[in-house]
Amino acid sequence: MKKIESRKLHGGDLQVWQHTSATTHTEMKFAIYLPPKAIVNEETKTTEITAQKFAVLYWLSGLTCTEQNFIQKSGFAEYASRHNVIVVAPDTSPRGVDISGNDVPDDSAYDLGQGAGFYVNATQAPWATHFQMYDYIVDELPNLIEQHFPASDQRSIFGHSMGGHGALMIALRNPQRYASVSAFSPIVAPSQVPWGQKAFSAYLGDDQSTWANYDSLAWMKQSAHSKKLPLLIDQGSGDEFLAEQLKPELFAQAAKDVNYPMTLRMHDGYDHSYYFISSFIADHFAHHAAALQA
Ligand SMILES: N[C@@H](CCC(=O)N[C@@H](CSC=O)C(=O)NCC(=O)O)C(=O)O
């Protein structure tokens with residue numbers, strides 16, 4: 001693991017790390033924010049509160065994003081610092097070259113390939129060798145974080161758009177691993193909308209029965225007997241992708257049908273951008289901090 005960026009922010013330490021992933025077989029980057037109390041003293045190798053471990057909130061970004069978009073645009077650090085929660089924001093796909101020096105596939109579209117991993121384990125060529133983002137987010141990254149940082153195994157997850165799909169799908173599939181989930185402008189039914197259909201066809205193939213494994217709406221529909229997590233969705237009514245790609249009403253109806261408590265808030269006039277995210281990021285930290293008891 002190599003630290004490639006470190007900046008003081010709201011009293012804490014914002015770092016970017018690069019590591020060789022055993023899951024994607026590429027170099028991967030992630031950002032991590034250590035709130036003031038979680039900063040490790042290099043001399044004593046302890047945090048301000050000796051041996052304390054801190055809950056971790058995982059952020060999944062949307063199409064075209066790297067680990068940088070969220071940390072630069074969301075205004076998250078004030079709230080991570082206030083709630084004493086570690087925040088981890090990974091890249092959205094493998095990139096560049098693999099560990100054998102071969103190019104990672106990229107079809108050069110903004111909604112497929114590099115920057116568009118969709119948080120699935122691809123089964124189809126040429127993607128399957130590297131595009132294993134589900135396993136990377138659910139297993140490899142938390143293991144790494146909990147091994148190398150003062151991080152507990154108390155985890156929550158949130159995200160935006162493609163990353164909102166990722167957060168909802170991962171939390172609904174693994175309710176024992178997370179304390180809470182939230183999303184801004186999520187793609188809730190990827191199997192039914194153009195962005196998701198394009199990605200799932202490429203990564204998972206034409207047999208649509210396999211798509212349900214990665215579809216939040218499908219997971220919600222079968223969650224009647226699952227552990228229920230605190231679940232919040234914020235959506236702007238002025239979002240240019242709302243009607244064609246996002247469809248949060250389908251998810252809210254499915255939740256109602258299976259008695260899954262959730263909050264869907266529609267916000268008049270807000271669009272799909274990080275301006276919307278930064279306007280409501282404080283509420284998402286409050287939502288997760290309550291569940292994590294951070
Ligand atoms: N037309 C845009 C589409 C890309 C876009 O809007 N990306 C969003 C996420 S959309 C769903 O996952 C985003 O977060 N962009 C990065 C940002 O910093 O705003 C395009 O061509 O880029």
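In listed order, ligands and their atoms are each counted from 1. Residues take their numbers from the sequence shown, with the count starting at 1.
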Give a yes/no verdict on a cation-pi contact between R173 and Y178, requiring under 6.0 Å between NZ or CZ and the six-membered ring centre and an angle within 45° of the axis.
no

Apply side chain to side chain donor-acceptor pair (under 3.5 Å) to E78 and list each qualifying residue two or more places apart in sequence or on a separate chain.
R82

Check: Y58 ring centroid to F158 ring centroid under 6.0 Å
no

Enumerate the protein residues lying less than 4.0 Å from ligand 1, judged by heavy-atom distances, in chain and residue-number order.
G62, L63, T64, C65, N69, K73, Y110, H160, S161, M162, W195, F241, H272, Y274

T210: which residues meet the side-chain contact (heavy atoms from CB on, under 4.5 Å) condition with it, sequence neighbours left out?
L204, D207

Results of side-chain contact (heavy atoms from CB on, under 4.5 Å) for K3 - residues two or more places apart only:
S6, Q15, W17

Output the distance between atom CZ (F54) and atom CZ (F149), rounded to the nearest 0.5 Å.
14.0 Å

